[in-house]
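First up is the structure itself, then whatever we jot down about it.
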Amino acid sequence: MKVLYITNIPSPYKVDYYNELGKTCELTVLFELADSSERSEEWKKYRFETFEGIILKGKRISVDTAVCPEIVNYLKKGRYDVVVLSVLASPTALLAAHILRRRKIPYYYEGDGGFAGQPSGIKAAMKRYVISAAEKCLSSSEEFDRYCSTYGAKRENIIRYPFTSVKKADCRTEKLTAEEKQHWKQEFGITEDCAIISVGQFIPRKGMDLLLHCCKDLPENVGVYIVGGTPPEEYLSICEKYDLKQVHFQDFMPKDQLMKLFLAMDVFVLFTREDIWGLVINEAMAAGLPVISTDRCIAALELIRNGEEGIIVENENLQQMREALLTLVRSPELREKMSDHAIHRIRGYTIENMAAEHSRIFVQKEK
């Protein structure tokens with residue numbers, strides 16, 4: 001079976017997925033760009049092992065999209081059993097959809113996630129043009145089902161798949177013992193009884209400022225570790241205002257090192273103002289961490305049953321955020337229960353399962 005993907009950049013989790021999917025089909029992936037201008041050098045360390053990855057020679061128009069006229073040549077000369085568009089609001093995606101529609105070639109649209117909102121304007125028209133004509137829409141979540149429907153997909157044409165960045169080998173099979181947890185704390189020089197971690201770019205959308213405002217109410221034996229780079233002046237000012245000596249900023253970490261750091265932590269927090277998924281939640285749960293996140297994070301909405309694998313709070317509601325933090329800080333027993341639930345919940349969300357589910361969907365198309 002010959003499968004063609006059209007996407008924007010070779011991000012690490014996408015390359016891992018394509019390398020897994022490439023074991024089951026003859027896979028070609030066309031990338032608009034070699035990298036994103038917003039991402040670290042780690043994102044450039046990819047290898048196309050089981051599939052043909054082609055970086056198109058386009059003109060960059062944003063951090064991760066480009067205008068790539070040569071997409072026309074690939075669509076005209078190639079004969080594929082399955083074509084998947086996994087980029088949406090870009091001129092290249094629009095051009096690809098136009099060519100496919102004119103040539104009456106069926107295609108799938110696949111997205112990581114998104115909140116529907118009120119569709120209007122040119123971007124909304126572009127999204128509708130791509131999604132409404134797709135034979136099937138591959139969706140990561142109930143929230144993204146609504147997004148696809150908003151832009152013209154029929155409910156019966158939406159197929160769910162498990163979206164993730166973790167491999168089976170990344171997922172713990174059982175929670176750490178107290179002795180194992182202490183070992184990892186010592187490995188990373190963590191002295192606090194309870195350690196909270198948050199990971200993300202230091203940009204307003206990620207809500208690190210909200211976490212810092214909550215830190216003033218935490219007990220002295222709680223450490224807060226924020227991974228993402230050099231803290232901006234705003235974050236440092238909040239720390240100075242509240243004398244937050246228990247807050248530790250850390251630079252960006254490669255995924256393998258981050259997964260080890262998670263083992264030394266007790267709680268993962270992401271007070272994001274909006275994430276169309278939030279893959280770091282998958283990674284934290286794979287390490288057995290209970291999660292606190294907001295109702296504007298699709299990974300949280302899809303993976304967390306409130307009170308089971310973690311706690312979902314209202315976006316920008318500082319009172320709920322403080323209460324959730326204090327609830328988990330004060331109850332090791334609850335953290336233990338949520339850790340166990342997180343490990344069991346995330347088992348179905350592996351790169352291997354993601355590729356297997358896509359392969360099953362593609363084979364069904366052929367039948």
My understanding is that only residues two or more places apart in sequence, or in another chain, count here; which of them pass ring-ring contact (aromatic ring centres under 6.0 Å, His included) with Y107?
none

Spatial distance of atom SG (C137) from atom CZ (R155) [nearest 0.5 Å]
11.0 Å

Is it the case that the side chain of K181 and the backbone of M265 share a donor-acceptor pair, with hydrogens and angles ignored and the cut-off at 3.5 Å?
yes

Give a yes-or-no answer on whether the side chains of R273 and T294 include a donor-acceptor pair shorter than 3.5 Å.
no

Would you kindly say whether Y13 and E283 are connected by a side-chain donor-acceptor distance under 3.5 Å?
no

Going by distance alone, is a donor N or O of one side chain under 3.5 Å from an acceptor N or O of the other, for S165 and N282?
no

ILVMFWY clustering at 4.5 Å (side-chain atoms), partners of V67:
I61

Might you work through the salt bridge (charged side-chain N to carboxylate O under 4.0 Å, His left out) test for K255 and D170, ending with a clear yes or no?
CA-CA 10 Å; K255 180 183 166 186; D170 296 323; 3.3 Å; yes

Under the criterion side-chain hydrogen bond (donor to acceptor under 3.5 Å, both in side chains), I'd like the reasoning laid out for H341 against E309: C-alpha separation, chi angles, the key distance, then a yes or no.
CA-CA 5 Å; H341 288 172; E309 295 80 14; 5.1 Å; no

Could you tell me how the ring of F144 sits relative to the ring of Y147: parallel (under 30°), tilted (30 to 60°) or perpendicular (over 60°)?
parallel

Give a yes-or-no answer on whether the side chains of K14 and N8 include a donor-acceptor pair shorter than 3.5 Å.
yes

If you measure only the distance, is there a donor-acceptor pair under 3.5 Å linking the side chains of T7 and S86?
yes

Are E49 and R47 close enough, and set up right, to give a salt bridge (charged side-chain N to carboxylate O under 4.0 Å, His left out), and what steps lead you there?
CA-CA 6 Å; E49 296 172 350; R47 290 191 300 173; 3.1 Å; yes

For the residue pair Y235 and F202, categorise the inter-ring angle as parallel (less than 30°), tilted (30 to 60°) or perpendicular (more than 60°).
perpendicular

